[in-house]
Amino acid sequence: MTVLMTHVRCLIKAALLLAALGLLTACGKSETDQAPVKLFEPQKQALDKAKAVEQQQQERNQEMQRKIEEQAR
């Protein structure tokens with residue numbers, strides 16, 4: 001009788017695991033899902049803008065340095 005009970009317990013555990021797996025799979029994305037939300041998009045845009053401003057500042061500094069060197073001659 002104990003061997004039979006052990007097999008029944010194993011079958012119940014397997015059934016529960018399969019049910020849980022089925023529920024988790026059901027929570028997955030479907031083909032009708034909307035496009036994913038773009039997280040951090042505003043921060044990325046702000047970073048890109050800051051990089052552009054930094055590049056412009058470096059170019060202005062280089063131009064100013066070049067003019068200073070020309071005047072020193």
Side-chain angles (χ1 to χ4, degrees):
M1 192 77 153
T2 26
V3 174
L4 180 61
M5 293 298 283
T6 304
H7 288 295
V8 170
R9 286 183 191 154
C10 286
L11 288 174
I12 291 173
K13 287 179 183 179
L16 288 174
L17 286 173
L18 286 174
L21 181 62
L23 288 174
L24 290 174
T25 304
C27 293
K29 293 183 180 179
S30 67
E31 293 178 14
T32 59
D33 285 346
Q34 295 178 351
V37 177
K38 293 186 176 183
L39 297 176
F40 307 113
E41 189 64 28
Q43 291 86 345
K44 183 180 180 289
Q45 290 174 352
L47 179 61
D48 291 342
K49 185 176 180 180
K51 286 179 180 178
V53 169
E54 181 182 15
Q55 179 66 29
Q56 291 173 352
Q57 183 66 37
Q58 288 177 353
E59 290 171 0
R60 278 185 264 168
N61 288 344
Q62 289 173 352
E63 181 65 24
M64 192 182 318
Q65 185 66 31
R66 186 184 61 77
K67 287 181 180 181
I68 290 171
E69 289 174 357
E70 283 180 4
Q71 289 178 354
R73 292 181 190 175

Quick one: side chains of residues 62-73, donor-acceptor pairs under 3.5 Å with protein atoms, not counting sequence neighbours, listed by atom name and distance.
from: E63; atom 1: OE1; to: R66; atom 2: NE; distance (Å): 3.4
from: E63; atom 1: OE1; to: R66; atom 2: NH2; distance (Å): 3.4
from: E63; atom 1: OE2; to: R66; atom 2: NH2; distance (Å): 2.3
from: Q65; atom 1: NE2; to: E69; atom 2: OE2; distance (Å): 3.4
from: R66; atom 1: NH1; to: E70; atom 2: OE2; distance (Å): 2.4

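- The CZ atom of R9 sits 5.5 Å away from atom CE of M5, with the distance rounded to the nearest 0.5 Å.
- Through ILVMFWY side-chain contacts below 4.5 Å, L11 is grouped with nothing and stands alone.
- If you run side chain to side chain donor-acceptor pair (under 3.5 Å) between Q55 and each of K51, E59, Q57, only E59 comes through.
- Every side chain to side chain contact (heavy atoms under 4.5 Å, CB included) that Q45 has, sequence neighbours left out, goes to E41.
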